[in-house]
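What follows is a set of notes on a single structure, which appears directly below.
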Amino acid sequence: LILLASLVPNQMCKKAAEEFDTRRVRLLMLVMCGFGLAFLTVRAFEFGSLATTWDTNAYGSVVWFIMGLHTTHLLTDFGDTVVLSALMHTSHVTPKRFFDCSENCLFWYFVVAIWIPVYLIVYFAPRWL
């Protein structure tokens with residue numbers, strides 16, 4: 001739900017970046033940092049509550065690998081969002097920074113979209129077999 005809810009401010013941020021609206025981009029990038037941090041916090045608890053460990057069996061290894069890969073995407077985008085947010089709060093705001101923010105929003109769509117099959121594989125696939 002956190003990831004799905006983040007799509008609203010993400011789209012607003014992308015639109016603000018395309019319109020070169022510095023004030024809105026600054027605010028919405030901070031909001032996106034909050035969403036990223038919230039989901040990474042949930043992910044930390046999620047890893048701790050998995051019913052399997054990475055070395056239990058093949059399924060455990062696959063689950064941990066897939067979730068680890070998605071977590072890497074999350075961390076990468078969160079780091080990029082934090083850096084871009086910091087840059088947008090300096091006097092070095094250029095049209096290139098707005099483009100960077102817009103591209104960052106596109107990557108967040110990828111992170112959210114890829115979570116859907118990951119969620120199905122991790123939480124529903126074991127019950128289908």
Side-chain angles (χ1 to χ4, degrees):
L1 291 175
I2 293 171
L3 282 180
L4 293 177
S6 73
L7 292 176
V8 174
N10 187 63
Q11 177 58 33
M12 291 169 59
C13 186
K14 183 171 180 358
K15 186 173 179 353
E18 290 168 352
E19 295 171 354
F20 300 101
D21 187 340
T22 306
R23 187 186 63 77
R24 282 180 43 223
V25 169
R26 286 176 177 168
L27 173 67
L28 291 165
M29 288 297 283
L30 290 174
V31 169
M32 291 308 298
C33 287
F35 272 105
L37 187 60
F39 193 76
L40 284 169
T41 302
V42 169
R43 177 56 56 89
F45 286 108
E46 193 174 22
F47 269 114
S49 67
L50 287 174
T52 185
T53 61
W54 68 271
D55 60 350
T56 303
N57 52 33
Y59 173 76
S61 298
V62 169
V63 165
W64 277 74
F65 176 76
I66 290 172
M67 289 190 55
L69 192 58
H70 189 256
T71 303
T72 302
H73 287 125
L74 283 167
L75 287 169
T76 302
D77 196 19
F78 176 70
D80 189 33
T81 304
V82 168
V83 169
L84 285 172
S85 181
L87 288 172
M88 290 303 289
H89 283 85
T90 67
S91 60
H92 303 291
V93 177
T94 63
K96 181 186 178 327
R97 293 290 167 244
F98 287 102
F99 178 75
D100 293 341
C101 290
S102 179
E103 292 298 310
N104 178 266
C105 292
L106 287 176
F107 187 70
W108 188 253
Y109 287 130
F110 167 75
V111 170
V112 173
I114 202 67
W115 177 237
I116 295 167
V118 168
Y119 187 82
L120 292 173
I121 290 168
V122 171
Y123 293 106
F124 289 105
R127 289 165 181 80
W128 291 335
L129 300 176

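These numbers come from the heavy atoms of this one structure, side chains and all, not from hydrogens, waters or symmetry mates.
The distance from the SG atom of Cys101 to the CZ atom of Arg26 is 10.5 Å, given to the nearest 0.5 Å. A distance of 11.0 Å separates CG in Leu87 from NE2 in His89, rounded to the nearest 0.5 Å. We find the OG1-CZ distance between Thr76 and Phe107 to be 6.0 Å, quoted to the nearest 0.5 Å. The CG atom of Leu28 sits 11.0 Å away from the CD atom of Gln11 when rounded to the nearest 0.5 Å. In this structure, the separation between CH2 on Trp64 and OG1 on Thr56 is 9.0 Å, given to the nearest 0.5 Å. Met88 CE to Arg97 CZ: the interatomic distance, rounded to the nearest 0.5 Å, is 9.0 Å.
In the hydrophobic clustering of ILVMFWY residues, with side-chain heavy atoms under 4.5 Å counting as a link, Phe78 and Val8 come out apart.
Of the possible polar contacts, none joining the Ser102 side chain to the Phe98 backbone as a donor-acceptor pair under 3.5 Å is found. Within the 3.5 Å criterion, the main-chain N or O of Val82 finds no donor-acceptor partner in the side chain of Ser85.
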Item to complete: Evaluate the side chain to side chain contact (heavy atoms under 4.5 Å, CB included) criterion for residues Leu7 and Leu4: first the C-alpha distance (whole Å), next the side-chain angles of each, then the deciding distance (0.1 Å), finally the verdict.
Response: CA-CA 6 Å; Leu7 292 176; Leu4 293 177; 4.3 Å; yes
Discussion item. Under the criterion side chain to side chain contact (heavy atoms under 4.5 Å, CB included), I'd like the reasoning laid out for Tyr123 against Leu50: C-alpha separation, chi angles, the key distance, then a yes or no.
Written reply: CA-CA 10 Å; Tyr123 293 106; Leu50 287 174; 4.2 Å; yes
Practice prompt. Dump the intermediate steps for side chain to side chain contact (heavy atoms under 4.5 Å, CB included) on Ile116 and Tyr119, then the final yes or no.
Written response: CA-CA 5 Å; Ile116 295 167; Tyr119 187 82; 5.8 Å; no
Item to complete: Check the pair Met32, Asn104 against side chain to side chain contact (heavy atoms under 4.5 Å, CB included), reporting the backbone distance first and the verdict last.
Response: CA-CA 10 Å; Met32 291 308 298; Asn104 178 266; 5.9 Å; no
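Under the 30°/60° scheme for interplanar angles, the aromatic rings of His73 and His70 are found to stand perpendicular.
In this structure the side chain of Phe39 never reaches within 4.5 angstrom of the side chain of Ser6, judged on heavy atoms. Counting heavy atoms from C-beta outward, Trp108 and Thr81 have side chains that stay 4.5 Å or more apart.
Using a cut-off of 4.0 Å between Lys/Arg side-chain N and Asp/Glu carboxylate O, Lys15 and Glu18 are scored as not salt-bridged.
In Leu106, the CG atom is crowded: over 12 heavy atoms of neighbouring residues, nucleotides or ligands sit closer than 6.0 Å.
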